[in-house]
Amino acid sequence: MYYGFDITYIFVIIGMLITLIASWRMKATFAKYERVASQSRLTGREVAERILRANGIYDVSVRPVSGRLTDHYDPRDKTVSLSEAIYGSTSVAAIAVAAHECGHAIQDNVGYVPLNLRSAFVPVANFGSRLSWPLIFVGFLLGYGNISNILIQIGIAMFLLAVIFQIITLPVEFDASRRALIELENNEILLDKEDKSARKVLFAAAMTYVAAAAAGVLQMLRLMLLFSGRSRRRN
């Protein structure tokens, strides 16, 4: 504490700023290229189906989902889900996002290890994120006893699981974007300089994952500093 101010909140503030800037940049970039129609006039659905078939993937379906930027690939039911702004749109942004999700389908098809690791880690990360803050909060309420410290340690360990998941996600997302750009070029889906626009969209999206991981790491450092401070005061 410094003059009544918890100095470790700086980590939280930095993490929030990084996340907000990345989110703003992603939305602004997507909005810009959402208004740029591709020369191919292919919709997000048509792009996804073309890329999947070009890679010999016939067991993955493409379906629309509600919401905005809710696009994802689910390896459990082999489904590429495209949001309303992507599924029927012919914009450069829609094509880039659709190709990215197909990048995940290709990863799954070839047995990309980081994707398998992330999929296996999902239930562990969800479990950790649900329990971490309740355990830490209860531990702080109990004061400086042994039970308090044990609960806080377990809570921090649970939070670490969520941070590890965010870090594992990074190579998966960057590789999916790399594969997407290759497919867009090989299948001549984007023409002239459209690939540069798609690259900007995918990069902006990837930065949101980097920001989330950075914010998680900063929050983890804050918790470790707070706990070490409590341990010193107890001793």
Side-chain angles (χ1 to χ4, degrees), residues 22 25-65 69-83 85-119 166-213:
R25 182 66 182 275
M26 168 56 194
K27 292 177 181 178
T29 303
F30 182 83
K32 177 180 179 179
Y33 293 105
E34 184 182 27
R35 297 190 293 269
V36 179
S38 65
Q39 295 182 53
S40 69
R41 297 294 178 177
L42 293 172
T43 64
R45 175 186 63 81
E46 291 170 333
V47 168
E49 290 176 345
R50 176 178 292 194
I51 291 175
L52 292 173
R53 304 302 174 257
N55 284 273
I57 301 174
Y58 297 95
D59 59 344
V60 173
S61 60
V62 182
R63 68 178 183 185
V65 292
L69 298 180
T70 51
D71 314 88
H72 63 279
Y73 169 70
D74 192 335
R76 295 170 298 180
D77 60 5
K78 304 290 185 179
T79 302
V80 170
S81 297
L82 301 178
S83 62
I86 303 299
Y87 189 83
S89 174
T90 62
S91 71
V92 171
I95 288 176
V97 173
H100 173 86
E101 298 310 328
C102 288
H104 288 308
I106 296 172
Q107 289 175 336
D108 188 26
N109 187 58
V110 300
Y112 183 61
V113 174
L115 176 67
N116 295 334
L117 180 60
R118 184 178 75 168
S119 298
Q166 292 173 323
I167 293 173
I168 293 174
T169 294
L170 295 181
V172 176
E173 295 300 327
F174 277 101
D175 181 76
S177 291
R178 180 187 66 82
R179 294 175 189 270
L181 291 170
I182 291 174
E183 293 301 323
L184 291 174
E185 180 180 354
N186 290 347
N187 292 283
E188 299 181 340
I189 296 173
L190 293 182
L191 307 175
D192 297 334
K193 297 181 179 180
E194 290 178 330
D195 60 327
K196 293 182 179 179
S197 301
R199 191 181 299 274
K200 291 178 182 179
V201 172
L202 295 176
F203 180 78
M207 287 302 100
T208 62
Y209 291 98
V210 173

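In terms of the salt bridge (Lys or Arg N to Asp or Glu O under 4.0 Å) criterion, residue partners of Glu49 (sequence neighbours excluded) are, by chain and number, Arg45. In terms of the side chain to side chain donor-acceptor pair (under 3.5 Å) criterion, Thr169 has no residue partners (sequence neighbours excluded). With sequence neighbours left out, Asp195 forms a salt bridge (Lys or Arg N to Asp or Glu O under 4.0 Å) with no residue at all. Residues satisfying the side chain to side chain donor-acceptor pair (under 3.5 Å) criterion with Ser83, sequence neighbours excluded, are Asp71. Applying the side chain to side chain contact (heavy atoms under 4.5 Å, CB included) rule to Glu185 yields no partners; only residues at least two apart in sequence or on another chain are considered. Shown here are the side chain to side chain donor-acceptor pair (under 3.5 Å) partners of Arg50, two or more places apart in sequence or in another chain: there are none. Partners of Thr79 by side chain to side chain contact (heavy atoms under 4.5 Å, CB included), not counting sequence neighbours, listed by chain and number: Ser61, Arg63, Asp77, Ser81. Under the side chain to side chain donor-acceptor pair (under 3.5 Å) criterion, Asp59 pairs with no residue, sequence neighbours left out. Evaluation of the side chain to side chain contact (heavy atoms under 4.5 Å, CB included) rule for Ser197 yields Tyr33, Val92 as partners, not counting sequence neighbours.
Geometric assessment of Arg179 against the ring of Tyr112 yields a positive cation-pi assignment under the 6.0 Å and 45° thresholds.
Atom CG of residue Asn116 and atom CZ of residue Arg118 lie 10.5 Å apart, to the nearest 0.5 angstrom. A distance of 7.5 Å separates CG in Asn187 from CG in Asn55, rounded to the nearest 0.5 Å. In this structure, CD1 in Ile189 is found 5.0 Å from CG in Leu184, a value given to the nearest 0.5 Å. One finds the OG1 atom of Thr90 at 7.0 Å from the CD1 atom of Ile95 (value rounded to the nearest 0.5 Å).
For the residue pair Ala48 and Leu82, the shortest heavy atom distance occurs at CB-CD1, 4.3 Å. When all heavy atoms of Ala211 and Ala22 are compared, the closest pair comes out as CB-CB, 3.6 Å. Ala85 and Ala94 make their closest contact through O-CB, 4.1 Å (heavy atoms, listed as atom of the first residue, atom of the second, distance).
Between the side chain of Ser38 and the main chain of Ser91, no donor-acceptor pair closer than 3.5 Å is present. Using a distance-only test at 3.5 Å, with no hydrogens or angles considered, a donor-acceptor pair links the side chain of Asp74 to the main chain of Arg76.
Between Leu170 and Val210 there is a side-chain heavy-atom pair separated by less than 4.5 Å.
The list of salt bridge (charged side-chain N to carboxylate O under 4.0 Å, His left out) pairs with a residue in residues 29-44, not counting sequence neighbours, reads Glu34-Arg68.
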Could you tabulate the donor-acceptor pairs under 3.5 Å formed by side-chain atoms of residues 199-209, not counting sequence neighbours?
unit_1	atom_1	unit_2	atom_2	d
Thr208	OG1	Ala205	O	2.5

Please output the side-chain donor-acceptor pairs of residues 102-110 that fall under 3.5 Å, not counting sequence neighbours, one pair per line with the distance.
unit_1	atom_1	unit_2	atom_2	d
His104	ND1	Gln107	OE1	3.0
His104	NE2	His100	NE2	3.2
His104	NE2	Glu173	OE1	3.3
His104	NE2	Glu173	OE2	3.4
Gln107	NE2	Val172	O	3.0
Gln107	NE2	Asp175	OD2	2.8
Asp108	OD2	Tyr73	OH	2.6
Asp108	OD2	Lys78	NZ	2.8

Steps toward side-chain contact (heavy atoms from CB on, under 4.5 Å) verdict (Val65, Tyr87): CA-CA 8 Å; Val65 292; Tyr87 189 83; over 6 Å; no
